[in-house]
Amino acid sequence: MRTMRTVSGVRRTVSKWRQSGLTVGLVPTMGALHAGHVALFDRCRKLCDRLVVSIFVNPTQFGPQDDLQAYPRDLRRDQAMCQSAGADMVFAPEADAMYPSGFETSVRVGEVGTRWEGESRPGHFDGVATVVLKLLTIVSPDVSVFGQKDYQQSVVIRRLVEDFNLPVRIVIVPTVREADGLALSSRNAYLDPSSREAATGLYRALRLAREEIKKGRVRTQILLGKMKSLVEQNGVFGLDYIGLCDPDTLHPKVKAKPPVVVLIAATCRVPGAAHNRRFIDNIVIR
Ligand code: AMP
C-alpha cells in the first residue's frame, strides 16, 4: 500500500492502473478511522480492482463553531487500518495541496444543503461538495463509497454527481453501530457514561418512529412529540432538529408515509470542552 501526499502522485499511479485495465474505487474520509469506515472499504474493494482511501480533514467544511484543530489526527494508525483493510493507496494531502494559494472556486449546494444540518452548519455542505468534487476529479474513480450515517451528505453528493455529470457510481453503505445501537463515530470516545446513555437515546427515538410508522401512525406532529419526549427524558442533550422527510429531496413530510427518512441531531455539552459535541443519526423506512 502506498501513501501519496500530492495530486500528481495520485494521478500517476491511477493512470498506470487504468492502462492495465484495472477499475478504481475511492472512499473519502477525514481519518480517525473505525469499523464504520472499514465497512465502506470492504464494500468498495468488492466493487473494483484498486481501493484508494483519502484522509483529509477538510477545513472548508468546518464552521466557526466547529473545532477544526481538535479533530483527531493519527495518520500512522489510519495507514495501518487501511493496509489491513486491503487498501492499495492512501491519499493524505496537506491542506495546501488541496487549497494552494490563489484557490477561489467553490461549489454552492442548492436547497438540499441548506436545511437540517445545513441550517445548523451554514456553508458546511458547500465545503463537502467542493472537496468531494476535487477528490473525484483527482482520483477519477469508477465507484465512490459513502456512509448512510451522514444521510444528508449522501443526498448532496448524489446531487453533485448528477448535476455535474460526473462519471462515477455512488454507493451508500448502511450505518455501522455499536452493540447498544450508537452509530460508530470518532466522537464516541469523548462520551462519559451519562452522555453515552443519552446518545443512545437518539437511536431509540429513531426506532420508536419506525415502529409507529410501520403501524400506520404517520402524523408527523405526533411522531415528533413522542420522539422529543424520549430524547429529552435525559437532560444531557439539547435537541437540534428532527426531520421526517422525503428520502431524495429531504423536504419535510406532513404525513410520514414510507418511503421516509427520519433525521435527528443533538448537541451534547461536555464539561471542560471548548466546543459542544454534535451527534447525528438517521433511519430510512421504505
Ligand atoms: P468521516 O471520516 O467522518 O468524514 O466519514 C467518512 C465516511 O465514513 C462518510 O461517508 C461517513 O458517512 C462514513 N461513516 C462514518 N461513520 C460511519 C458509520 N458508523 N457507519 C457507516 N459509515 C460511516
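Every number for a ligand or one of its atoms is a count from 1 in the order of the listing. None of these values were measured; they are calculated from a predicted model.
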query: Under a heavy-atom criterion of less than 4.0 Å, does A32 contact ligand 1?
result: no
message: Take a 6.0 Å sphere around CZ of R219 and say whether it holds more than 12 heavy atoms from other residues, nucleotides or ligands.
response: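 Open.
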message: Check this for me: R2, atom CZ, are more than 12 non-hydrogen atoms of other residues, nucleotides or ligands nearer than 6.0 Å?
response: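 It does not: R2 CZ has 12 such atoms or fewer within range.
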query: With atoms numbered from 1 as shown, which atoms in ligand 1 lie under 4.0 angstrom from a non-hydrogen atom of F146?
result: 10 (O)
- request: Using a strict 4.0 Å cut-off to heavy atoms of T29, name the atoms of ligand 1 that fall inside it.
  value: 2 (O), 6 (C)
Any Lys/Arg nitrogen of [X] or [Y] sitting under 4.0 Å from an Asp/Glu carboxylate oxygen of the other?
| X | Y | result |
| --- | --- | --- |
| R278 | E117 | yes |
| D88 | R45 | no |
| R18 | D142 | yes |
| R196 | D180 | yes |

- request: Using distance alone, decide if ligand 1 has a nitrogen or oxygen within less than 3.5 Å of any nitrogen or oxygen in P174.
  value: no
field: Any N/O pair S185/ligand 1 closer than 3.5 Å
entry: no
When you look for heavy atoms under 4.0 Å from ligand 1, do you find them on the side chain of [X], its backbone, both, or neither?
| X | answer |
| --- | --- |
| S186 | neither |
| A35 | neither |
| H34 | side chain |
| R177 | neither |
| L33 | neither |

- request: Mind checking the CD1-CZ spacing from I283 to R207? Nearest 0.5 Å is all I need.
  value: 8.0 Å
message: Could you work out, for atom 8 (O) of ligand 1, the closest of E178, H37, Q153, Q148 by heavy-atom distance?
response: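 The nearest heavy atom belongs to H37.
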